[in-house]
A.B. asks: 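This structure is in structure tokens; I'll ask about it shortly.
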Protein chains: 2
Amino acid sequence: MELRQLRTFRVVAERLHFTQAAEELHLAQSSVSAQIRLLEEELGVALFDRIGRRILLTEAGETLLQYARRMETMDREIRHELRQDEQIAGALTIRIPETVAAECIPPVVERFHARHPRATLSFINCDDVRLREELNTGRIDLAFLLTDEVALPNVTVEPLRSEPLMLVAAPGHPLAAGGAVTSAMLQEATLLHMRVD
Amino acid sequence: MELRQLRTFRVVAERLHFTQAAEELHLAQSSVSAQIRLLEEELGVALFDRIGRRILLTEAGETLLQYARRMETMDREIRHELRQDEQIAGALTIRIPETVAAECIPPVVERFHARHPRATLSFINCDDVRLREELNTGRIDLAFLLTDEVALPNVTVEPLRSEPLMLVAAPGHPLAAGGAVTSAMLQEATLLHMRVD
DNA sequence: GTATAAAATCGTTGGAAGCGATTGAAGACA
DNA sequence: TGTCTTCAATCGCTTCCAACGATTTTATAC
């Protein structure tokens, strides 16, 4: 006895018509007959009374129909429940510079939540230098950094993309006068910039 | 997904060992692997975590195990319940001459009851001539007759066997004197005999 | 008696399920 | 560190079963 046979039996039992059942199941009528015959042989019981060219459920058929429906319901339940199990669930804690977060995070969060509704994301500003310890202890799961390069043992680092570094000054500022800006000139200026640990 | 696959999965899940499960199921280990792989592909979910050469149930696997057990239980229930359904149940009412009943019925009833415990038999003495009406109205289901022949419309009649007709007399009776007995002699005698309608 | 409808049956074929052998990977242990 | 053992995955092969189309059988309608 297999679920395939029970499904076929259920359709035949509901329609009381082999040919129509075969159409609904996209099978040949002979295949439906064969499945029912094997089922009856295995269970050692007639499931249908063949009255002329009409068929009727036997008492055993009625009993089996109840079970067949329960089996099919359970089959659907399994698939539904497993679909929840396969959903990614849990919490991710992520360090990310606020300036990057402000620009990139909202659309990413939206798509992530749409795909994994049972997972939650937490963001923390990236002002802590003890990244490796935080990653290894599990306090954070992931970090985005604005930096040249990072080499940390036991931490996987992957460059995502490059960003141009721009010098921006007020119109009246001496550095805005035009001409090349040397690193010596920058040393004397007051700079507003991201700290890179 | 078929019951065969669920049974295989259940055994693997309980033993957490493909090779041992294959032995229990009388299958080759490769067949067990194939069944589990197909099940995982169809459900779109990993059922086991392969940690080195150990296997563990995933969350989805735990869920499926519950269902697999319920399915197998239901399978057993079906077969058990159908075994009751296939038993012949009901009541048979039978007319039979008392003399025949006394000789033949006890062993027949014993065997019949052993084979069909849920069916009951009732016997009525065969002194009613309205057999056909009784059969057609369902008052009786079956009748045994001691007679030459019966021709009743809508009633199936089947000869079972022939019985010799014996003349028995007391030792001092005139008919016991010896010599041939003619029908004329019988007409004058007082006979104790079964009435044949 | 003829036509029609429906299930049963038969012979054929493609695909799936099982098998044995091999590979690959991970522990166990010297 | 290297070897051995264990176990699941994989591969190629074979067998068998399930589906199919065609035909037969049976019963009902006309």
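Within every chain, numbering begins at 1; the chains are lettered A, B, ... in the order of the sequence lines, protein sequences first and strands thereafter. If you're wondering where the values come from, they're calculated on a predicted model, not measured in any experiment.
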A.B. asks: Say whether A/Phe123 and A/Val108 are linked into one hydrophobic cluster, either directly or through other cluster members, by side-chain heavy-atom distances under 4.5 angstrom.
C.D. replies: no
A.B. asks: Under a 3.5 Å distance rule, please check whether A/Glu2 uses its side chain to pair with a backbone N or O of B/Arg4 as donor and acceptor.
C.D. replies: yes
A.B. asks: Between B/Thr93 (side chain only) and B/Ser122 (backbone N and O only), is there a donor and an acceptor less than 3.5 Å apart?
C.D. replies: no
A.B. asks: Could you tell me if A/Thr63 and B/Glu81 have a donor-acceptor pair between their side chains, going purely by distance under 3.5 Å?
C.D. replies: no
A.B. asks: Holding to side chain to side chain donor-acceptor pair (under 3.5 Å), I want the full list of residues that pass it with A/Ser33, two or more places apart in sequence or in another chain.
C.D. replies: A/Gln29
A.B. asks: Below 4.0 Å from chain B heavy atoms, what is the first contacting nucleotide of DNA chain C and what is the last?
C.D. replies: C/dA17 to C/dG27
A.B. asks: Go through it in stages, so that I can follow the logic: the residues are B/Val45 and B/Leu64, the test is side chain to side chain contact (heavy atoms under 4.5 Å, CB included), and I'd like the CA-CA distance, side-chain angles, deciding distance and then a yes or no.
C.D. replies: CA-CA 11 Å; B/Val45 104; B/Leu64 186 62; over 6 Å; no
A.B. asks: By a strict heavy-atom criterion of less than 4.0 Å, which residues belonging to residues 16-30 of chain B are in contact with DNA chain C?
C.D. replies: B/His26, B/Leu27, B/Ala28, B/Ser30
A.B. asks: Decide, yes or no, whether a salt bridge links B/Glu40 with B/Arg50 under the criterion of side-chain N to carboxylate O below 4.0 Å.
C.D. replies: yes
A.B. asks: Is any NZ, NE, NH1 or NH2 atom of the basic residue among B/Arg37 and B/Glu42 found under 4.0 Å from an Asp or Glu carboxylate oxygen of the other?
C.D. replies: no
A.B. asks: Can you tell me if B/Ser31 uses its side chain to pair, donor with acceptor, with the backbone of B/Leu27 under 3.5 Å?
C.D. replies: no
A.B. asks: Sequence neighbours excluded, which residues qualify as side chain to side chain contact (heavy atoms under 4.5 Å, CB included) partners of A/Arg7?
C.D. replies: A/Leu3, A/Arg10, A/Glu72
A.B. asks: Evaluate the salt bridge (charged side-chain N to carboxylate O under 4.0 Å, His left out) criterion for residues B/Arg69 and B/Glu14: first the C-alpha distance (whole Å), next the side-chain angles of each, then the deciding distance (0.1 Å), finally the verdict.
C.D. replies: CA-CA 11 Å; B/Arg69 286 181 172 139; B/Glu14 285 173 350; 3.2 Å; yes
A.B. asks: Using chain A heavy atoms and a threshold of under 4.0 Å, write down where along DNA chain D the contacts begin and end, 5' to 3'.
C.D. replies: D/dA18 to D/dT28
A.B. asks: Have a look at B/Arg54 and say if it touches a base, only the backbone sugar-phosphate, or nothing, with a 4.0 Å heavy-atom cut-off.
C.D. replies: nothing
A.B. asks: Using five pairs at each end of the helix from C/dG1-D/dC30 to C/dA30-D/dT1 to define an axis, what is the angle between those two axes, to 10°?
C.D. replies: 30°
A.B. asks: If you take the centroid of each ring, where Trp contributes its six-membered ring, are A/Phe9 and A/Tyr67 closer together than 6.0 Å?
C.D. replies: no
